[in-house]
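In listed order, ligands and their atoms are each counted from 1. The figures here come from the full heavy-atom set of this structure, side chains too, leaving out hydrogens, waters and symmetry mates.
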Amino acid sequence: MEKVEELKEKLFNKKECGWNTTSKNTTSKKEEIFEYAKGYIDFMNKSKTEREIIKSSKEIAEKNGFKEINEYETLKPGDKIYYINREKSMYLAIIGKEEIEKGVNIIGAHADSPRLDLKPNPLYEDSEFAYFKTHYYGGIKKYQWTTIPLSIHGVIVKTNGEKIEINIGENENDPIFTITDLLPHLAQDQMDKKLRNGIEGEDLNLLIGSIPYGPEIPEAVKLNILDILNKKYGITEVDLLSSELELVPAMKCRSMGFDESMVAGYGQDDKICVYTELTALMDLKEVPNKTAVCIISDKEEIGSMGNTGMESHVFDMFMSEILNKLGVNRPNLLEKVFCNSKMLSADVDAALDPIYSSVSEKNNASFLGRGIGLNKYTGARGKSGASDANAEFVAEIRAIFENNDIRYQIGELGKVDIGGGGTIAYILANKGIDVIDCGVPVLSMHSPYEVTSKFDLYEAYRGYKAFWNK
Ligand code: MN
Ligand code: MN
């Protein structure tokens, strides 16, 4: 019998709960993990939108000696640079010791999360209530966004260029906003609908006020709201045309469970990977051999299009600038650098949820608490639209993780033919870079309150650091 156990120990892929490994000397200790999670929770509570994430990330980067790339005439190994694209996406790099022609090591996450945006003409009054019309952003289950506290974040830009920053609903003394839903007593017809149609997109209207400006005035509640907005922000209704206002859950990111092993919070897809990659970059003690490049992209949730999305050429421009300032640029060098580069596409992974385990195939599902989650490929049905990492590259990443005692797991996003998804991986893979999806497993993904494990959070941080350090 003993022999069988020995043989199993030697031959099986042990899929161990990470927390069982934290007592061993070599792996991350529980106290270390909990301490790191505190920093993450703080970061999440300061930054709920892509603009806020970029602002917080810039602060962290500058505190750690990073400078805007244009402040450098020339670059040399050890220089720390960043570039911000329209306040919504950001690229950072530490110049490595090795010739850049041999390739760079990239980690890329995204700062945008599913939410409700305001329509360009949002304000209206109905039956003595004032409302904002919304248009949802990204893949949401609409019913989850009613009857929860919501805050408004974003900017209003006036024609003279003045930009007014809005952040209301997060402070204890702020009012919050909400979208109402029907009482069960009168919801017979609604309850018979499919979950998908229970709440229609056009019914996601934010309730924002109910006091009229005065008696016997048409649209008096709307007028009163505009009067308040005018006094508070100096805007009129037409200024809302040039605004980007986002509704996000006004709920704090918090430690979760009696054992405090998890984190619950909005927007962990993909801010958990932003935080882990960013802190990993900040904590690189020595100048890396290969140039370490960190991407915080935008618009991933709606297909990465537009000039702040990963599909834009702004990232190529940033890389070209590095080549220019290193004094090595020449025709086709950028393409060559890309073809020699490696990347971890840092995006969250769907964790197996025991309540809904029928959508997952247990042998190929990611589990909360088993470490950083790799996806060799994503896509749907017959791997349609997948960026499939080459076996040679998967082996390289395995070696880095195994040599640094980083707990990892490799899974798929649900059962074959059940669904699918994608990340920014294919966009970088199309440039010739070796890319694999590598992030943190999440429960309730894309909901107003997503759940992650502190163990996986910390292993992602350690894993990203090991990748850049190799
Ligand atoms: Mn994501
Ligand atoms: Mn997502």
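Shown here are the protein N/O/S atoms lying under 2.8 Å from the Mn ion (ligand 1), water excluded: His110 NE2, Asp269 OD1, Asp347 OD1, Asp347 OD2.
Using the six-membered ring where Trp is involved, Tyr124 and Tyr131 have ring planes that are parallel, under 30° apart on the 30 and 60° scheme.
Applying the ring-ring contact (aromatic ring centres under 6.0 Å, His included) rule to Phe66 yields no partners; only residues at least two apart in sequence or on another chain are considered.
The pair Lys55-Glu165 counts as a salt bridge, with a side-chain nitrogen and a carboxylate oxygen less than 4.0 angstrom apart.
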Using distance only, find each side-chain donor-acceptor pair of residues 245-254 under 3.5 Å and give its atom names and separation, not counting sequence neighbours.
| from | atom 1 | to | atom 2 | distance (Å) |
| --- | --- | --- | --- | --- |
| Glu246 | OE1 | Arg115 | NE | 3.4 |

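Every pair passing salt bridge (charged side-chain N to carboxylate O under 4.0 Å, His left out) that includes a residue from residues 428-457 is listed here, sequence neighbours excluded: Asp316-Lys431.
If you check the side chains of Tyr40 and Gln268, you find a donor sitting under 3.5 Å from an acceptor.
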